[in-house]
Engineer: 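Have a look at the structure that comes next, please.
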Amino acid sequence: QVQLVESGGGLVQAGGSLRLSCTGSGSFQHIVAMGWYRQAPGKERELVAVRTRGGSTNYADSVKGRFTIFREVVNNAVYLQMNSLKPEDTAVYYCNARAAVAPHDSWGQGTQVTVSS
C-alpha cells in the first residue's frame, strides 16, 4: 500500500480555479492508475477523474471540459486542475491510487474544496 497526501483545497468563488496536488510515498510498482474522487455532504463518494499508467483518462460527465488531471509518474504525483468552478463542485476531494494487487486502493486524507456562489 502507498501513502498519499493531498493539498491545494480552499475557498473560491464560482468561476474561479484551484489546483489540487497529491504526492505519494511507498511502493508504486503495482500502481496502475491514480485519480481523484469527491464526496459532498449527504452524498456518496464519486469518481472525478482518473489517469492510468498508460496515459488514458476518464472524467465524470459533470467536470468534462472544466477539470484536467495530470500525473507525474517519476514523482508519484497527480494533480487536478479545476477551472470554471461551480457551487456544486463543493466537496471533500480524495486522492486515490489503484494497484493491480491487493490491497487495491489507497486513499489520501482528503482536502476540502468550497465554491461560493
Side-chain angles (χ1 to χ4, degrees):
Q1 204 166 19
V2 300
Q3 294 74 47
L4 304 170
V5 178
E6 304 104 332
S7 62
L11 173 64
V12 64
Q13 288 188 333
S17 298
L18 283 174
R19 175 173 289 198
L20 304 183
S21 300
C22 172
T23 54
S25 59
S27 177
F28 272 70
Q29 67 180 64
H30 297 300
I31 298 301
V32 296
M34 292 186 73
W36 293 91
Y37 289 70
R38 67 186 180 187
Q39 187 166 18
K43 295 187 177 181
E44 294 186 353
R45 190 173 296 189
E46 63 174 0
L47 172 71
V48 177
V50 63
R51 186 176 181 91
T52 70
R53 194 162 196 163
S56 300
T57 57
N58 188 35
Y59 294 91
D61 288 343
S62 59
V63 307
K64 284 181 180 177
R66 300 188 297 121
F67 291 11
T68 304
I69 187 168
F70 302 90
R71 186 174 172 188
E72 289 182 348
V73 176
V74 65
N75 293 323
N76 297 328
V78 65
Y79 307 92
L80 185 68
Q81 178 65 43
M82 306 186 294
N83 298 328
S84 301
L85 283 160
K86 304 175 180 180
E88 51 263 44
D89 295 317
T90 295
V92 178
Y93 284 69
Y94 296 91
C95 179
N96 170 268
R98 174 65 60 89
V101 298
H104 292 287
D105 286 306
S106 299
W107 296 93
Q109 81 285 358
T111 185
Q112 177 71 47
V113 172
T114 302
V115 184
S116 63
S117 57

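FYI, side chains are in, hydrogens and waters are out, and symmetry mates aren't considered; it's all heavy atoms of this structure.
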Engineer: Give a yes or no on whether Val48 and Val50 share a hydrophobic cluster (residues Ile, Leu, Val, Met, Phe, Trp, Tyr; joining criterion: side-chain heavy atoms under 4.5 Å apart).
Structural biologist: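 Per the 4.5 Å side-chain linkage, Val48 and Val50 are not co-clustered.
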
Engineer: Quick check on the hydrophobic clustering: are Val92 and Leu20 connected, directly or via other members, by side-chain heavy-atom contacts under 4.5 Å?
Structural biologist: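 No, separate clusters.
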
Engineer: Go through Val113 and Val115 one step at a time and tell me if the side-chain contact (heavy atoms from CB on, under 4.5 Å) criterion holds.
Structural biologist: CA-CA 7 Å; Val113 172; Val115 184; 4.2 Å; yes

Engineer: Any salt bridge linking Lys86 with Asp89? Criterion: basic side-chain nitrogen under 4.0 Å from a carboxylate oxygen.
Structural biologist: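 Salt bridge flag = no for Asp89 with Lys86.
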
Engineer: Looking at Phe28, does the NZ or CZ of Arg53 lie under 6.0 angstrom from its six-membered ring centre and within 45 degrees of the ring axis?
Structural biologist: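 No, Arg53 and Phe28 do not form such a contact.
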
Engineer: Rounded to the nearest 0.5 Å, what separates atom OH in Tyr93 from atom CG in Leu80?
Structural biologist: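 These two atoms lie 7.5 Å from each other.
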
Engineer: Tell me if a side-chain donor or acceptor on Arg66 pairs with a main-chain N or O of Ser84 at a distance below 3.5 Å.
Structural biologist: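 Side chain of Arg66 to backbone of Ser84, a donor-acceptor pair under 3.5 Å: yes, one is there.
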
Engineer: Is the backbone N or O of Ile69 less than 3.5 Å from a side-chain atom of Tyr59, with the two atoms forming a donor-acceptor pair by type?
Structural biologist: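 Yes, Tyr59 side chain to Ile69 backbone: donor-acceptor pair under 3.5 Å.
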
Engineer: Would you name the heavy atoms of Leu18 and Gly8 that are closest together and state the gap between them?
Structural biologist: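 Here Leu18 and Gly8 meet closest at CD2-O, 3.9 Å.
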
Engineer: Tell me, do Arg45 and Trp107 make a side-chain contact under 4.5 Å, heavy atoms counted?
Structural biologist: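 Heavy-atom side-chain distance check passes, below 4.5 Å.
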
Engineer: Please examine the side chains of Arg98 and Asp105, heavy atoms only from C-beta on, and report whether any two atoms are closer than 4.5 Å.
Structural biologist: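 Side chain of Asp105 against side chain of Arg98, heavy atoms only: contact under 4.5 Å found.
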
Engineer: Please report the closest heavy-atom contact between Phe70 and Arg51, naming both atoms and the distance.
Structural biologist: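 Heavy atoms only, the tightest pair is C-CD, 4.4 Å.
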
Engineer: May I have the step-by-step check of side-chain contact (heavy atoms from CB on, under 4.5 Å) for Leu85 and Phe67, ending in yes or no?
Structural biologist: CA-CA 9 Å; Leu85 283 160; Phe67 291 11; 3.7 Å; yes

Engineer: Given Arg38 and Val63, is the side-chain contact (heavy atoms from CB on, under 4.5 Å) satisfied, shown in steps?
Structural biologist: CA-CA 12 Å; Arg38 67 186 180 187; Val63 307; 4.0 Å; yes

Engineer: Any side-chain heavy atom of Cys22 within less than 4.5 Å of one from Tyr79?
Structural biologist: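 With C-beta onward as the side chain, the pair stays apart.
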
Engineer: Looking only at heavy atoms, what is the nearest atom pair of Gln112 and Ala91, with distance?
Structural biologist: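 Reported closest heavy-atom pair: NE2-O, 3.4 Å.
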
Engineer: What is the minimum heavy-atom distance between Gln1 and Ser106, and which atoms define it?
Structural biologist: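 Heavy atoms of Gln1 and Ser106 come nearest at CG-OG, 2.9 Å.
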
Engineer: Locate the shortest heavy-atom distance separating Leu4 from Gly24; write the atom from each residue and the value.
Structural biologist: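 The answer is CD2-CA, 3.9 Å.
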
Engineer: CZ/Arg19 to CG/Asn83 distance, rounded to the nearest 0.5 angstrom?
Structural biologist: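 Here the rounded value is 9.0 Å.
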
Engineer: Write down the atom of Ala97, the atom of Ile31, and the distance for their closest heavy-atom approach.
Structural biologist: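 Closest approach of Ala97 to Ile31: CB-CD1, 3.9 Å.
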
Engineer: SG of Cys95 to CD of Gln3: how many Å apart, nearest 0.5 Å?
Structural biologist: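 So the gap between those two atoms works out to 12.0 Å.
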
Engineer: Run the side-chain contact (heavy atoms from CB on, under 4.5 Å) test on Thr23 and Asn75 for me, step by step, so that the C-alpha distance in whole Å, both residues' side-chain angles and the decisive distance to 0.1 Å come before the verdict.
Structural biologist: CA-CA 7 Å; Thr23 54; Asn75 293 323; over 6 Å; no

Engineer: Does Glu6 use its side chain to pair, donor to acceptor, with the backbone of Gln109 at less than 3.5 Å?
Structural biologist: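 Yes; judged by distance alone, with no hydrogens or angles, the pair exists.
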
